[in-house]
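Right, one structure below, let's go through it.
Just the heavy atoms: all of them, side chains too, but no hydrogens, waters or symmetry mates, feed the values below. Heads up: numbering here begins at 1 and tracks the sequence. Worth saying up front: this structure is predicted, and the values here are computed from it rather than measured.
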Amino acid sequence: MPIATTNPATGRTLKSYEPMSAEQIDAAIERADLAYRQLRGTTIAQRGRWLNAAADLLEAERDEIARLMTTEMGKTYASARAEVTKCAGACRFYAARAAEFLADEPADAEAVKATRAFVRYQPIGPVLAVMPWNFPLWQVLRFAAPALMAGNTGLLKHASNVPQTALLLEDLFRRAGFPEGAFTTLLIGSAEVERVLSDPRVRAATLTGSEGAGRSIAQIAGRELKKTVLELGGSDPFVVMPSADLERAAEVATTARCQNNGQSCIAAKRFIVHTDVFDAFAEKLAANMSALRVGDPMDPDTDVGPLASEGGRDEVHAQVRDAVDRGATVLCGGEPPAGPGWFYPPTVVTDLRPEMRMWSEEVFGPVAGLYRVSSYDEAIEVANGTSFGLGSNAWTRDPQEQERFAADLDAGNVFVNGMTTSYPELPFGGVKNSGYGRELSALGMREFCNTKTVWVGEGAASAGVGAHAE
């Protein structure tokens with residue numbers, strides 16, 4: 001895949017880049033390693049000042065950055081601006097909370113026959129981040145902010161269709177004051193990832209992407225004995241029970257399915273509705289989806305822009321056509337519009353069966369699949385009957401059902417009566433084929449730390465070992 005900016009609203013390629021040579025890749029890794037040796041010696045307070053400066057730059061340049069993201073991958077300009085704001089907030093969150101998250105944790109010294117015992121969190125070195133195009137700023141910042149605050153350095157292999165956003169991120173951290181090489185963008189194709197991850201100076205990797213990419217990264221890292229965090233696909237259930245507020249559930253379902261033009265791993269995709277309210281919910285959802293405006297993502301009146309690539313649009317349509325050919329019913333949408341750009345209309349499909357691709361595959365576009373169930377147990381069976389386990393939604397006003405959904409939904413995230421999203425304050429990640437490890441919160445920061453046990457016996461100076469004052 002060429003490294004290029006191609007506007008998905010027009011199909012026109014605006015800017016192309018030559019991939020880095022082997023020598024350039026090696027030099028970038030060397031800079032990251034040297035920067036790590038410098039960064040780990042700085043204080044948390046100093047790193048926090050730099051990260052707050054990055055947040056200042058994001059806020060000051062929000063409109064320009066948003067236009068770039070919209071041009072490269074087609075998200076609406078309004079959602080792009082919101083993404084920049086969210087990234088600035090995450091920077092400020094980690095700048096403020098890193099000292100707490102990285103503080104030494106005392107242990108029971110007497111139980112382990114020590115005068116003092118504690119756990120210390122320390123950086124491990126350069127971390128490779130292989131990131132996707134759908135949230136080209138947020139996906140990177142939610143790794144970079146905690147990693148840099150912990151004292152690690154980052155090497156970014158971004159998706160090949162968002163190279164300008166990738167370069168902007170490198171420039172952002174440089175201008176914020178971080179040492180040269182603390183965060184480096186690698187303009188490389190997927191074939192070069194193994195070269196980078198196999199380098200002994202690179203200590204770990206994080207990936208957000210497809211199952212296939214995750215398996216590849218995990219295989220390389222396993223051979224090299226390196227830590228990985230993987231956030232892969234999702235086919236998130238959105239369960240609606242009879243006691244739900246149907247108006248609110250249908251409203252949120254529309255947003256949850258069509259956010260980011262339907263291209264989100266945690267977008268609700270499978271709408272599992274109790275038969276007592278199925279017809280009413282289906283009618284409301286189809287009406288809401290039909291009312292959304294598809295068009296130029298820079299137009300403030302647009303609700304849904306183009307999909308990010310022609311191949312992605314064609315794959316979504318192939319999944320819908322497969323369902324229709326096997327007996328599914330389309331309540332709205334279902335046919336791509338004529339004209340330039342990679343647009344696909346908000347679509348609702350029902351009468352789904354296990355032999356259809358939509359039953360078991362993630363649909364990465366604004367297409368909602370409706371599933372009719374007759375009981376709580378059947379809802380759980382359908383919701384968990386997938387290889388994925390990233391996000392999930394349950395809509396019920398019954399307190400007992402709320403508790404049961406929290407316990408029974410097999411996912412990394414369960415949102416009851418609300419839309420699945422990510423917050424710096426909460427851990428984020430999946431189970432099953434949706435990956436492993438966690439981003440965000442204290443857990444996300446510690447994923448790429450050496451969790452070091454320190455045991456101190458008699459004779460240690462009181463102000464010596466254990467006086468961790470960052």
Decide salt bridge (Lys or Arg N to Asp or Glu O under 4.0 Å) for R321 and E335; before the verdict, give the C-alpha distance in whole Å, the side-chain angles of both, and the deciding distance to 0.1 Å.
CA-CA 9 Å; R321 292 311 310 167; E335 288 293 338; 3.6 Å; yes
With side-chain hydrogen bond (donor to acceptor under 3.5 Å, both in side chains) as the test, would you mind laying out the steps for T396 and S243 before giving the verdict?
CA-CA 5 Å; T396 173; S243 67; 3.0 Å; yes
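Between F271 and F238, the ring-plane angle classifies as tilted under the 30° and 60° cut-offs.
Looking only at distances, no side-chain donor or acceptor of Y94 sits under 3.5 Å from a matching main-chain atom of L51. Checking side-chain atoms of E18 against main-chain N and O of L187 turns up no donor-acceptor pair under 3.5 Å. Of the possible polar contacts, one joining the N393 side chain to the T420 backbone as a donor-acceptor pair under 3.5 Å is found. Looking at R195, its side chain never comes within 3.5 Å of a backbone N or O of A22 through a donor-acceptor pair.
Counting only N and O atoms by type, the side chains of S198 and R223 include a donor and acceptor under 3.5 Å apart. Using modelled atom types and a 3.5 Å distance limit, the side chains of Q263 and N134 yield no donor-acceptor pair. Side-chain N/O atoms of D296 and T302 include no donor and acceptor closer than 3.5 Å. Side-chain contact check for W133 and S309: no donor-acceptor pair (N or O, by modelled atom type) lies under 3.5 Å. S422 and K86 are linked by a side-chain donor-acceptor pair at a separation below 3.5 angstrom, with hydrogens and angles left out of the test.
Between E59 and R62, no side-chain nitrogen of the basic residue sits less than 4.0 Å from a carboxylate oxygen of the acidic one, so the salt-bridge criterion is not met. A salt bridge links K284 to E247: one of the charged nitrogens lies within less than 4.0 Å of a carboxylate oxygen. Using a 4.0 Å cut-off between charged side-chain N and carboxylate O, R92 and D56 make a salt bridge. A salt bridge links R372 to D279: one of the charged nitrogens lies within less than 4.0 Å of a carboxylate oxygen.
Summarising the local packing, CD of E355 is surrounded by more than 12 heavy atoms from other residues, nucleotides or ligands at distances under 6.0 Å.
The cationic group of R404 lies under 6.0 Å from the six-membered ring centre of Y376 and within 45° of the ring axis, placing it in a cation-pi geometry.
In this structure, CZ in F281 is found 14.0 Å from OG1 in T275, a value given to the nearest 0.5 Å.
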